[in-house]
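We name chains A, B, ... by the order of the sequence lines, and we start the count at 1 in each one.
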Amino acid sequence: MTTECSRFSSLDGEPRAACRRKTIVGHHVEIPDILTTYSDEELLSRFRHGQTEAFGVLLRRYERELYGYLRRYLGDSELAEDVFQNTFLALCQKCGQYEAGRPVRPWLYTIATHQAIDALRRNNRHQALSLDQHQKELPDGEVRSLLELLETRGPGPLDMAQGEERRERVRASVDRLPDFLRQVVVLAYYQGLKYREIADILGIPVGTVKSRLHAALVKLQEAWIASPSLREA
Amino acid sequence: MDENLVGYLLKALDADTERAVENYLRMFPEAQTKLELVRQALEPLEADKEEMEPPEDLRIRTLGLVAQSRCGHLQRVPAAPPFLPAAPISWWRRADVLVAASLLLICLPLLFPLLVKAHRASKRIDCENNLRGMFISLMQYSDNHEGDLPRVEEIPPRNFAGVFVPILYQEGLLNGVSLRCPANSNSSPQPVSLEELGKLYENDRQRFEQITRELGGCYAYTLGYRSDGRLCGVRRVPGETDLLPIVADRPPFDRPDDPAILDANSQNHAGMGQNVLYLAGNVRWAVNRYVGPDDKDIFLNKNHELKAGLNQFDTVLAASGVRAEQEAPPVH
């Protein structure tokens, strides 16, 4: 590997005292902690201007968060790893298009989501939106149906499940959601993004985000009430 | 406002909408019930909210992939040409040959005169050495004959300038002496004894004439001088005769009617001059013929004739076939 590669592969984002020493692929490198205090936007800007260490800090910062998002959205750990790598590869390649001051986090999620959709498409797992599904995205109707459903529902098998079984059942039900609903649930609930950010990432109006989230919750409620317990299955 | 209850619980609303929902909840108590229902609807998701740990080496692999992608943009070193052991190694490329040829073309005109000059100087030095060898032989002869040098006589067969060769040969003094000037391509003559010369004169006059022209080789010898009508040879008197020239490169003429008689140098050295041996033993390179005593022409006597000198110091160095008293050209 060339010097640049060695330098690049030695990047890291883990903060410590004044300066930390880290062993990566046999190299001892020192990265100034000052980088870890910079914002995402500052790090990306520095990387664009040749400070390759900034890329490592950014990668370290989003490692868990982005992998968790992809893992939940794709439902496959190996696929999530591939998409995670491709996401940062695309970030490196597209950093020239980055507009100074634009928030990096939604942009990174946008890239990751597009990479994930491409991966699902390559694996024939992507479910295209149908006209019926669009028609169901009527906010008021979905809300009414969610509240009505919540008011009328009784205890289901999920309420009886505990611990690992409960966790697996929840994950299975989320995984069975259509892609366009699952990604909203993951982004809003598990990743904690605001509606506005989700709308920007997915390129849809905020109202559509709300309706998809409600629709997803309705489907989850139905699934949790109707499906048999794991033991029964 | 009910559509924002989920967003409110997830803290996904913008600040304005969030405040509006809070007001809605305060103003409508039944909204609290709805909010609780939504909270219960979301509650099961909490069971799977545990953070998912990425593989330990994911970051390293990602950095490696990115680095490989960036390095891939660097220009690759071209592959080395295959090694062909059977092919002969050419130390000279075409460009080298062209450069060398150009340099030669430029330098050759500059070097050529220098080379020619050095070559001529070398030949001249070899010629000087011939004359020194001849001087040693003549001095030995002189020592044996009370200071006299071989001399040209009035009557044949010793009546020509080249007679010194058979005289020295007769006394065994010609060993190691070359009569061929290195600067001249003529071959060295085959020496003959005085007896053979006399017989030749008696029996084959034509052959005798030819031999007399060839015996002296590339060199001219002194014809001697006339004193009281008598032809005398050169006698070595140390301190008196040191400046007398006795041998030199052969002049380009052996007849008085030759146009070259006027001013031409010997042709042994391309007409550029001639080596002259003096009786003191020194050899001098002379670019003209006027290097005798008092700057006299060494190839003619004081009367500018191709004859013997008019006095002791009027030395005339003549080609082998020249007589002391030139006769009319023979009719062939």
**Report entry** A:L213 portion near chain B, given a 4.5 angstrom heavy-atom threshold
**Finding:** side chain
Query raised in the report: Does A:E63 come within less than 4.0 Å of B:R59, counting only side-chain N to carboxylate O?
Result: yes
Report task. Determine, stepwise, if the pair A:Y69 / B:M52 fulfils side chain to side chain contact (heavy atoms under 4.5 Å, CB included). Result -> CA-CA 9 Å; A:Y69 165 59; B:M52 293 184 175; over 6 Å; no
Query - Closest heavy-atom pair and its distance - A:Y190, B:L45 - result: OH-O, 3.3 Å
Query raised in the report: Measuring heavy-atom distances to chain B, does A:L66 have an atom under 4.5 Å in its side chain, in its backbone, in both, or in neither?
Result: neither
Query raised in the report: Quick one: do B:D14 and A:R196 make a salt bridge, cutoff under 4.0 Å?
Result: no
Query raised in the report: Is there a donor-acceptor pair closer than 3.5 Å between any side-chain N or O of A:E81 and the backbone N or O of B:P55?
Result: no
Query - Least distance between heavy atoms, B:L63 atom then A:G56 atom - result: CD2-CA, 4.4 Å
Report summary line: For A:Q221 and B:A41 the tightest heavy-atom approach is NE2-O, 2.9 Å
Requested in this report: Using a cut-off of under 4.5 Å on heavy-atom pairs, state which of A:E65, A:R71, A:K194 scores highest against chain B.
Outcome: A:K194
Requested in this report: Would you indicate whether B:E30, at its atom CD, is surrounded by more than 12 heavy atoms from other residues, nucleotides or ligands within a distance under 6.0 Å?
Outcome: yes
Query raised in the report: For the atom pair CG (A:D82) and CZ (B:R61), what is the distance rounded to the nearest 0.5 Å?
Result: 8.0 Å
Requested in this report: Mind listing the closest non-hydrogen atom pair of A:Y67 and B:E53 along with its distance?
Outcome: CE2-O, 3.5 Å
Query - Toward chain B, the part of A:V174 with a non-hydrogen atom under 4.5 Å - result: side chain
Requested in this report: For residues B:V6 and A:Y195, report the shortest heavy-atom separation together with the two atoms involved.
Outcome: C-OH, 3.9 Å
Query raised in the report: Where on B:L42 is there a heavy atom nearer than 4.5 Å to chain A: the side chain, the backbone, both, or neither?
Result: both
Query raised in the report: From B:L65 CG over to A:F84 CZ, what is the distance, rounded to the nearest 0.5 angstrom?
Result: 11.5 Å
**Report entry** Over all atoms of both residues, closest heavy-atom pair of B:A12 and A:L193
**Finding:** CB-O, 3.7 Å
Query raised in the report: How many angstroms lie between CG in B:L5 and NZ in A:K210, if you round to the nearest 0.5 Å?
Result: 10.5 Å
Query - NE2-CD distance between A:H214 and B:E3, expressed to the nearest 0.5 angstrom - result: 7.0 Å
Requested in this report: May I ask you to say whether A:R166 pairs ionically with B:D48, meaning some side-chain N is under 4.0 Å from a carboxylate O?
Outcome: no
